[in-house]
There are 2 protein chains.
Amino acid sequence: MSPTIKDVAKKAGVSIATVSLVIQNHARITTATKTKVLKAIKELNYHPSRSAKGLVTKTTGNIGFILTDDHFLQTEPFYTKIFLGTEFGTRGTNYYVLLATIARDFNSKDELPRFILERSVDGIIIAGKATPDFIERIELLDIPIVFIDYYPTSGNFFTVLIDNINGGIIATKHLVDLGHKEIGFIGGDLPHPSIYDRFAGYKQALEAGGIKFNKKNCVIDEDDPSRPNGYSAAKKLFAQNKKITAIFACNDAMAIGAMQYCTDNKIKIPNDVSLIGFDDVEADIFLNPPLTTIKVPKFELGTEAIHLIENVIKNKSYHNKKKILVPVELIIRNSTRELK
Amino acid sequence: MSPTIKDVAKKAGVSIATVSLVIQNHARITTATKTKVLKAIKELNYHPSRSAKGLVTKTTGNIGFILTDDHFLQTEPFYTKIFLGTEFGTRGTNYYVLLATIARDFNSKDELPRFILERSVDGIIIAGKATPDFIERIELLDIPIVFIDYYPTSGNFFTVLIDNINGGIIATKHLVDLGHKEIGFIGGDLPHPSIYDRFAGYKQALEAGGIKFNKKNCVIDEDDPSRPNGYSAAKKLFAQNKKITAIFACNDAMAIGAMQYCTDNKIKIPNDVSLIGFDDVEADIFLNPPLTTIKVPKFELGTEAIHLIENVIKNKSYHNKKKILVPVELIIRNSTRELK
DNA sequence: AGATTTAGGTTAAACGTTTAACTAACTCTA
DNA sequence: TAGAGTTAGTTAAACGTTTAACCTAAATCT
């Protein structure tokens, strides 16, 4: 049987209250007794019982991580990496993270994840999108929430975001710097803040480069930024303007779809058109040619989210830094080249 | 505040003990009072406090999932998928799964994962390899353990395994059926049971096909079944026997490395040599040509492990089915073809 | 010097369950 | 019809913490 606080108290010759106070390093304890107790703790290899502590403090030590289930089906483990980042972020803290998925189209009939119903978490991290229906239900419970790579436009939420605007800018600027003028943009799910911002960055960089924004160079009506939609978006784009020499895809999945379209239609990348994606997904280096892209530090998004939610839990009236912006980086590979 | 068992008891007009017994559906309770209590539970939306329950039963409701940290660095999320499978497996159970990683070279100086030290798990699932040092330390704690895709050769452990022997057989048989005679095998980390068994399957299928096993056709001295080692193994293999017309790589990572070697040396796949891998990793379909391989159901490995450990925890003297074998499947793509 | 404050610790109640031991009301059986 | 069994529920202790309230001795003040 594991040692309890009583064993420690007896060994150190103090009351259990003192042991408890030492653990929380309360100011009332002298360093003398503190070291005495700490010694006993070490010798017994004592670890407080999370259950007992939880029972009185009404905390669980768990953080829930919620993902829509379609990420399981996607080939790219984008959010899975973020999850791994949260796991890493909990080292040095006293938290564990529990994973759950919800339906992509979560609605009022669906059950909330088990750990929420059972109140087994002290806070929740929501990665990617979640339906308003879901967010509403969670908010009623008034559990601290942190979003990653998404946030409901109504309300002021704690969020860890990718610096999408800047990403859009440097991606587009890269193309402009290479001498391209007819630069296309293909995107899906434009209402999603991330996609929207990438598009905004595209427009800003165009303007900064003295290139007039042209609706003909954009295909933004796909409902999802997926591979097949990248394929069809590329098709539409070339139909709209056959003089396109460069494409900025709102993410790598669409870029891969677009690349496939080009291959199928004898459009050489990067000789005929340059292509840049966004995310820096693992498949990129296997592509032919390897894809130039904007790297999103997925792991870091997770660790940042943990730090943030820790603060929110600790200090419910935590106000500074509601939004944390994680920087991105241009990764030049072989799918873009100077316009001759 | 969440309702407690007292609230339910009051509402249903019974004692809290009765409520508790109803929840565990104990035989002593009549259906009449049972429905009465159940109704109160539903109306109050009552969920028992895991902490309180844990305090008295000395259980936590958590299962630990342990992975060596090098899987984070690998590009292929093989074990991550298995982890996702365990998460899925816990639906309908009362367990949560906690993830932790340990150093690949875990030794006596390293600390055990936090959830083990703090006794926050009722059982542990170990995926892939773990050092003897680690396993020894865990065993002392006498926490139920289930291995996935690995098991220490000494001792009789609960394990969920890939049917590697059969996988090795059908992979090799596929090559034999295509008319190949000079079939190479490249592998790394041969002591690992999974790799060892794939190699065993290779030999069995060769024999069954009336082909004599030839050491010259094998490169099995790489220490890791990684991509770069696949590259060098392919190099060695062709140096040993230039008449090779087909290669069975012990996993997709090595197959990818081998494919790279072939590309670099103008060896056409599948025209000059057929290549088959093992695992069915996501990159496979992006390769040129897409890789024929043996599919291992990663997700299912996870769910099976949860079912197994649940039984082990419930019934410490659980004896039947110490080892569960999960079947594999041949996936024919374009990297193998009939020998003309 | 006596009163008051402070420092450093202890006591005991409370958190929400489970479960062994108990009880009251029936039902048999001889 | 008395006694033994059975059935269905209750009582109360226990689990291992935290923390408000309390205590005592020493330090500080007037």
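Chain letters run A, B, ... following the sequence lines, proteins first and then strands; every chain starts at 1.
- In this structure a side-chain-to-backbone donor-acceptor pair under 3.5 Å is present from A/Asp122 to A/Gly61.
- A straight line from CZ of B/Arg28 to P of C/dC22 spans 13 Å, rounded to a whole angstrom.
- When heavy atoms are screened at a 4.0 angstrom cut-off, A/Ser51 is found touching no nucleic acid atom at all.
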N/O donor to acceptor pairs below 3.5 angstrom from side-chain atoms of residues 38-46 of chain A, sequence neighbours left out:
unit_1	atom_1	unit_2	atom_2	d
A/Lys39	NZ	A/Glu43	OE2	3.4
A/Glu43	OE1	A/Lys11	NZ	3.4
A/Asn45	OD1	A/His47	NE2	3.4

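- Distance check: A/Ile124 CD1 to A/Ile63 CD1 gives 10.5 Å after rounding to the nearest 0.5 Å.
- Put simply, the side chain of A/Arg137 never gets that close to the backbone of A/Glu111: no donor and acceptor are under 3.5 Å apart.
- Heavy atoms of A/Ser20 sit under 4.0 angstrom from at least one base atom.
- Rounded to 10°, the angle separating the first-five-pair axis and the last-five-pair axis of the helix from C/dA1-D/dT30 to C/dA30-D/dT1 equals 40°.
- When atom types are taken as modelled, the side chain of A/Thr60 and the backbone of A/Ser120 share a donor-acceptor pair closer than 3.5 angstrom.
- Comparing A/Lys53 and B/Gly13 by the nucleotide of DNA chain D whose heavy atom lies nearest to each, the residue mapping closer to the 5' end is B/Gly13.
- Put simply, CD1 on B/Ile324 and CZ on B/Phe158 are 10.0 Å apart, with the number rounded to the nearest 0.5 Å.
- With rounding to the nearest 0.5 Å, the separation of CZ in B/Phe299 from OG1 in B/Thr86 is 8.5 Å.
- Within residues 55-64 of chain B, the residues having any heavy atom under 4.0 Å from DNA chain D are, by residue number, B/Leu55, B/Val56, B/Lys58.
- Looking at heavy-atom distances under 4.0 Å, B/Thr30 makes contact with sugar-phosphate atoms alone, never a base.
- Applying a 4.0 Å cut-off to non-hydrogen atoms, none of the residues of residues 42-50 of chain B approaches DNA chain D.
- Put simply, the side chain of B/Gln24 gets close to the backbone of B/Ser20: a donor and an acceptor are under 3.5 Å apart.
- Within the 3.5 Å criterion, the main-chain N or O of A/Thr18 finds a donor-acceptor partner in the side chain of A/Ser15.
- A donor-acceptor distance shorter than 3.5 angstrom exists from the side chain of B/Asp133 to the backbone of B/Ser108, with no hydrogens or angles considered.
- Residues meeting the side chain to side chain contact (heavy atoms under 4.5 Å, CB included) test with A/Glu139, sequence neighbours left out: A/Ile135, A/Ile145, A/Phe157.
- You can see that DNA chain D meets the heavy atoms of chain A within a 4.0 Å-exclusive cut from D/dG16 to D/dA21, reading 5' to 3'.
- A distance-only check finds a donor-acceptor pair linking the side chain of A/Lys322 to the backbone of A/Asn156 [under 3.5 Å].
- The nearest heavy atom of DNA chain D to B/Ile29 and to A/Thr4 marks one nucleotide each, and the one closer to the 5' end goes with B/Ile29.
- A donor-acceptor pair under 3.5 Å is formed between the side chain of A/Thr4 and the backbone N or O of A/Lys6.
- We find that CD1 of A/Ile16 is positioned 17 Å from C1' of C/dG8, with the value rounded to whole Å.
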